[in-house]
2 protein chains.
Amino acid sequence: MKQSKPQDTLRLIPLGGLGEVGKNMMLIEYGDKILIVDMGFLMPGEDMPGVDYIIPNTAYLKGKERNIVGVVITHGHYDHIGAIPYLVSHLGNPPLFAGELAKAIILRRQEEFPGKLNITTIADGQKFTLGPFRIEPFRQNHNIPDNFGLVIETPLGKIVHTSDFKFDDNPVNDPPTDYKKLERIGKEGVLILLSDSTNAEQPGHSMSEKIIMENLDEIFSQAKGRIITATFASLINRIQQIVTLSEKYGRKVAPEGYSMKTNLEITKHLGYIKAKKGTLLPTKEILSYPDAKVTILSTGAQGEGRSVLMRIINKEHQLVQIHKGDTVVFSSSVIPGNERTVQYVKDNLYRQGANVFHYKMMDIHASGHANRDELKQIISLLQPKYFMPIHGQFSMLVNHAKLAEESGIPGKNIGLIENGQVLTISKTGLQVDKKGVPCNYIMVDGLGVGDVGEVVLRDRQSLAKDGMFVIVVVVDRQTGRVRGSPDIISRGFIYLRESKDLLHQTRKKVVDTVQQSTGSGGAINWVYVRDNVRNKVTDFLFLKTQRRPMVLPVIIEV
Amino acid sequence: MKQSKPQDTLRLIPLGGLGEVGKNMMLIEYGDKILIVDMGFLMPGEDMPGVDYIIPNTAYLKGKERNIVGVVITHGHYDHIGAIPYLVSHLGNPPLFAGELAKAIILRRQEEFPGKLNITTIADGQKFTLGPFRIEPFRQNHNIPDNFGLVIETPLGKIVHTSDFKFDDNPVNDPPTDYKKLERIGKEGVLILLSDSTNAEQPGHSMSEKIIMENLDEIFSQAKGRIITATFASLINRIQQIVTLSEKYGRKVAPEGYSMKTNLEITKHLGYIKAKKGTLLPTKEILSYPDAKVTILSTGAQGEGRSVLMRIINKEHQLVQIHKGDTVVFSSSVIPGNERTVQYVKDNLYRQGANVFHYKMMDIHASGHANRDELKQIISLLQPKYFMPIHGQFSMLVNHAKLAEESGIPGKNIGLIENGQVLTISKTGLQVDKKGVPCNYIMVDGLGVGDVGEVVLRDRQSLAKDGMFVIVVVVDRQTGRVRGSPDIISRGFIYLRESKDLLHQTRKKVVDTVQQSTGSGGAINWVYVRDNVRNKVTDFLFLKTQRRPMVLPVIIEV
């Protein structure tokens with residue numbers, strides 16, 4: 001064989017996160033050994049009704065379970081850990097490595113699933129070895145503590161994986177960025193830098209949490225009634241800011257929402273959230289305090305259907321209603337697609353007499369990702385030979401690649417690939433393999449993993465658009481005559497009670513069509529009869545309504 | 001009667017546009033005479049699958065058709081004219097009044113509908129009288145020419161309706177804002193100002209079209225391949241900019257997309273779009289020019305499913321494919337909810353080798369609405385006694401009301417109402433009537449107007465989430481025994497071919513349930529049998545899959 005020494009190449013294979021925002025999962029192969037970084041899920045869009053999550057396709061790892069040396073988790077956000085319960089058992093239960101906080105979040109979630117996990121704690125600067133890989137985690141600022149970039153030493157050289165990151169000289173709950181350490185890593189030589197592209201289209205420098213703190217402080221100092229904050233339960237550092245400010249202004253804090261309560265419990269227990277004794281109270285107890293002494297720390301900043309904030313405005317929350325003069329603070333960005341529901345929530349808060357602050361009116365949210373200036377800076381600190389943009393939509397990866405080129409990395413040394421593509425590094429340089437690996441969406445819906453595919457999704461979309469129209473006809477096997485009147489069951493099409501005329505005409509159409517199709521004698525072709533009914537009724541309903549419900553005829557022969 | 005002299009009161013009744021962005025329609029009543037301003041539609045959200053448009057509910061006008069003195073249209077955007085074909089004939093065909101361009105757009109659209117319209121052209125400064133109302137249109141800058149604010153003289157004083165507007169000292173295709181005229185109107189005394197709230201949450205001053213022009217010029221000056229612009233067909237002034245720049249850089253322009261072609265035809269004919277002879281060419285002809293001499297003026301900036309841009313990236317467009325080195329310019333904001341599809345389009349343009357500019361990377365789109373500074377300025381120019389925020393989500397109306405109060409209008413003189421509420425102005429001041437008028441959504445779906453209601457929509461949402469599951473069982477009327485095996489038709493639930501086991505178990509469950517329900521003798525309660533099958537199967541499927549398809553049993557008695 002000509003292709004000798006496969007051990008002298010490194011292969012980088014993203015199964016998720018490249019060409020999308022979410023379900024991050026990267027394979028790093030040397031020889032036949034495979035290291036996995038992260039195992040996240042992706043939240044589905046409106047075009048995937050009923051789907052809970054999308055997880056990476058791990059078909060490529062089938063049969064290679066024994067080659068997996070370990071799974072290293074960079075931090076405890078669900079787009080980096082969410083697929084663990086669905087995948088680990090299928091991958092031969094490889095050992096997991098995660099920071100203290102991520103580990104606690106993973107283990108807590110695993111309680112809802114069968115199977116035990118084997119997780120080792122990792123920490124800043126503490127090196128460990130997995131097969132041919134020697135790994136050094138290094139602290140990176142984000143919006144959750146215990147977030148690690150990874151220096152992965154391989155026989156070919158060092159890979160640096162940034163994790164999600166931003167540079168922050170005045171962070172909350174975290175030490176500031178350690179530029180000296182990054183410089184040191186750079187000086188030791190970096191073969192390839194894998195860097196976070198989420199904000200590669202955003203000019204300038206990301207906002208420091210210090211500015212957010214100042215603006216939140218202003219809101220707290222002026223609020224007269226209760227303060228209700230809406231944020232992600234995963235924005236641990238933002239939660240710390242709200243707790244700190246509440247203490248400063250003599251407010252008690254009640255967490256609301258399952259994920260918020262759980263995360264507070266975990267982070268407080270581990271010391272990641274610092275709160276004085278007596279600051280945190282259950283909602284039941286806090287309600288006896290005067291409004292000016294109360295903060296409610298809630299989820300629902302995205303307008304999710306059953307979230308705390310949605311239940312409050314719909315007056316379905318058992319304990320909390322809006323009081324006139326309450327201040328509601330949306331301290332979170334809005335995920336694309338959620339703008340309408342968030343507006344709905346805001347409007348109703350105003351209608352019920354609250355004052356609302358959101359991040360478009362005032363800087364009360366900062367992204368956890370590096371903008372273009374920081375992306376240039378990390379390239380200049382690390383001076384990598386090769387570069388690979390990771391984590392982001394394809395447009396972000398492209399613009400990150402362009403930025404790297406502007407920063408002095410030659411185009412041929414930049415590996416711009418997407419999920420399922422394979423980037424090979426060898427002594428002769430970078431190469432994108434002609435053959436990719438499977439990377440299509442695996443959808444999780446209820447207990448089913450992967451059983452909702454294109455066909456089912458297409459049907460759901462079609463049902464949503466014009467509904468369905470089932471026709472049950474009983475036909476005499478011998479004569480081909482219809483017995484009685486066809487049954488019609490329709491949903492999502494038109495309001496049947498107000499459409500008696502249309503139903504009457506449609507029934508007649510069905511009877512006529514069946515009787516024409518069965519003919520006057522001889523063997524009856526039941527498939528033909530059914531198709532004929534479907535086509536005739538579809539055309540008839542479209543003519544009458546310009547809608548195309550899914551028409552499903554059932555012919556019962558008796 | 002105590003409530004004498006109803007003619008001494010003015011009643012303002014918004015049927016649309018207050019508490020939402022879209023379907024603007026305002027009634028102004030004096031005595032029994034009714035003036036209507038605008039008649040728009042609203043585009044539905046993802047929670048209304050299959051719905052084409054939402055139009056205002058005009059139930060309040062039922063029986064009052066002869067009191068309608070006229071419908072005045074402020075400008076030719078669909079959120080101000082879109083409901084005309086659905087409503088005018090139901091309102092006794094009142095006379096319409098519109099600027100030259102709006103009139104042409106309305107008449108062109110009406111060709112697709114039955115019935116003739118009676119439209120009179122209005123123009124800047126040309127007063128006309130409708131019943132007790134004397135109306136003077138005044139030119140306002142927006143992003144379509146021929147946009148008019150209205151001074152409406154009534155026996156109680158002057159109402160000023162701003163229409164959609166912004167102040168622009170360097171507009172395209174329009175003279176700059178005439179502050180002197182506004183000042184003059186103010187000096188003559190304004191009873192109440194109805195002002196556009198769309199950008200009442202945006203600080204500062206709206207961007208001038210001049211800046212957009214400079215940035216677009218920069219893109220044009222550097223583009224080497226074709227330029228493909230994506231914008232709304234209704235942004236007539238933006239289209240003019242693209243035509244002007246194409247001429248400057250020696251490019252021919254091909255309009256693509258039905259609405260773009262139609263609007264160009266209308267505006268060019270009327271002189272609102274100025275293009276040299278030979279600049280505009282059909283796409284077929286333009287393809288013989290070198291790439292550097294070609295601009296394609298297309299729709300699809302929102303990632304709409306069948307739009308030109310979507311067909312291009314999906315390689316379904318008959319004439320246009322992306323060439324490497326093409327420049328695609330998104331010169332339009334993204335409507336909330338469309339971010340994901342727009343990202344999909346952008347990613348695919350990059351994948352196919354295009355360079356992409358969008359408004360978040362560079363100022364190549366400006367809103368057509370006044371920001372807070374301009375909103376303050378119009379209050380200060382007009383010095384109204386009363387104030388009413390119009391056009392916008394409730395949060396925008398609230399923040400506009402607050403801005404008016406900060407600008408010196410006493411809170412009691414501000415009428416903050418929403419669709420369906422009635423604001424009465426009399427000598428004693430403003431008052432919101434206790435009784436409102438109907439203002440629920442009227443949905444247009446295909447040929448049906450109003451026949452899709454809450455029930456149908458809820459069914460569509462439910463079908464989209466977990467699909468449906470129809471069971472047809474043939475039961476012997478006498479014995480209550482099931483004949484043969486039940487038929488199952490399911491869509492959008494799971495992929496049936498791969499779920500034979502589940503189907504088998506469900507059939508057994510159905511047979512057992514029917515036979516238990518029909519009992520061992522006596523009369524059979526068929527409703528009970530059906531309900532029992534529905535409940536048992538629903539529970540069974542949830543247990544097995546954690547999904548809740550819509551279960552629809554059909555029992556055929558033979």
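Each chain gets a letter, A, B and so on, in the order the sequences are listed, and its residues count up from 1. Note that the structure is a prediction, hence the values are computed from the model and not measured.
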- [ ] Report yes if some heavy atom in the side chain of A:Tyr350 is under 4.5 Å from a heavy atom in the side chain of B:Leu397; otherwise report no.
- [x] no
Task: Top of A:Gly446, A:Pro49, A:Gly19 for chain B proximity - count of heavy-atom pairs under 4.5 angstrom - done: A:Pro49
Open item on the list: Report which part of B:Ile494 has an atom under 4.5 Å of a heavy atom belonging to chain A: side chain, backbone, both, or neither.
Closed with: both
Open item on the list: If I compare all heavy atoms of A:Val456 with all of B:Tyr495, which pair ends up nearest, and what's the gap?
Closed with: CG2-N, 3.6 Å
Open item on the list: Less than 4.5 Å apart, side chain to side chain, heavy atoms only: is that true for B:Asp445 and A:Asp466?
Closed with: yes
Open item on the list: Between B:Val356 and chain A, with a heavy-atom cut-off of 4.5 Å, which part of the residue counts as in contact: side chain, backbone, both or neither?
Closed with: neither
TODO: Examine whether an atom of B:Leu543 lies under 4.5 Å from a heavy atom of chain A, and if so say whether it belongs to the side chain, the backbone or both; otherwise answer neither.
DONE: backbone
Open item on the list: Looking only at heavy atoms and a cut-off of under 4.5 Å, which of B:Lys346, B:Gln546, B:Gln393 has the most pairs with chain A?
Closed with: B:Gln393
TODO: Identify the two heavy atoms, one from B:Asp487 and one from A:Val554, that lie closest to each other, and give their separation to 0.1 Å.
DONE: OD2-CG1, 4.1 Å
Open item on the list: With rounding to the nearest 0.5 angstrom, report the CD to CG distance, B:Glu20 to A:Asp347.
Closed with: 10.5 Å
Open item on the list: With rounding to the nearest 0.5 angstrom, report the CG to CZ distance, B:Asp459 to A:Phe493.
Closed with: 13.0 Å
Task: Option in A:Val474, A:Thr545, A:Leu416 with maximal non-hydrogen atom pairs under 4.5 Å from chain B - done: A:Thr545
Open item on the list: Using a 4.5 angstrom heavy-atom cutoff, name the option from B:Gln202, B:Glu418, B:Lys402 with the most pairs to chain A.
Closed with: B:Glu418
Open item on the list: Which atoms of B:Asn399 are under 4.5 Å from chain A, going by heavy atoms: the side chain, the backbone, both sets, or neither?
Closed with: side chain
Open item on the list: Are there over 12 heavy-atom neighbours, none belonging to B:Glu454, within less than 6.0 Å of that residue's CD?
Closed with: no
Open item on the list: Please report the interatomic distance CD1(B:Ile489) to CD1(A:Ile489), rounded to the nearest 0.5 Å.
Closed with: 8.0 Å
TODO: Count the heavy-atom pairs under 4.5 Å between each of B:Val51, B:Val398, B:Leu349 and chain A, then report the option with the highest count.
DONE: B:Val398
Open item on the list: Is B:Pro549 in contact with chain A via its backbone, its side chain, both, or neither, using a 4.5 Å heavy-atom distance?
Closed with: neither
- [ ] Would you mind reporting whether A:Met468 and B:Leu552 have side-chain heavy atoms less than 4.5 Å apart?
- [x] yes
Open item on the list: Are there over 12 heavy-atom neighbours, none belonging to A:Lys544, within less than 6.0 Å of that residue's NZ?
Closed with: no
Task: Atom group of B:Arg351 that falls short of 4.5 Å from chain A, counting heavy atoms - done: both
Open item on the list: Only pairs of heavy atoms separated by less than 4.5 Å count here; which of A:Lys465, A:Arg547, A:Arg340, A:Met396 has the most with chain B?
Closed with: A:Arg547
Open item on the list: Looking at every non-hydrogen atom in both residues, tell me the closest pair between B:Arg460 and A:Leu463 and how far apart they are.
Closed with: CG-O, 4.3 Å
Task: Gap separating the CZ atom of B:Arg491 from the CE atom of A:Met550, nearest 0.5 angstrom - done: 6.5 Å
TODO: With the side chain counted from C-beta on, respond yes when A:His358 and B:Glu201 share a heavy-atom pair under 4.5 Å apart, and no when they do not.
DONE: yes
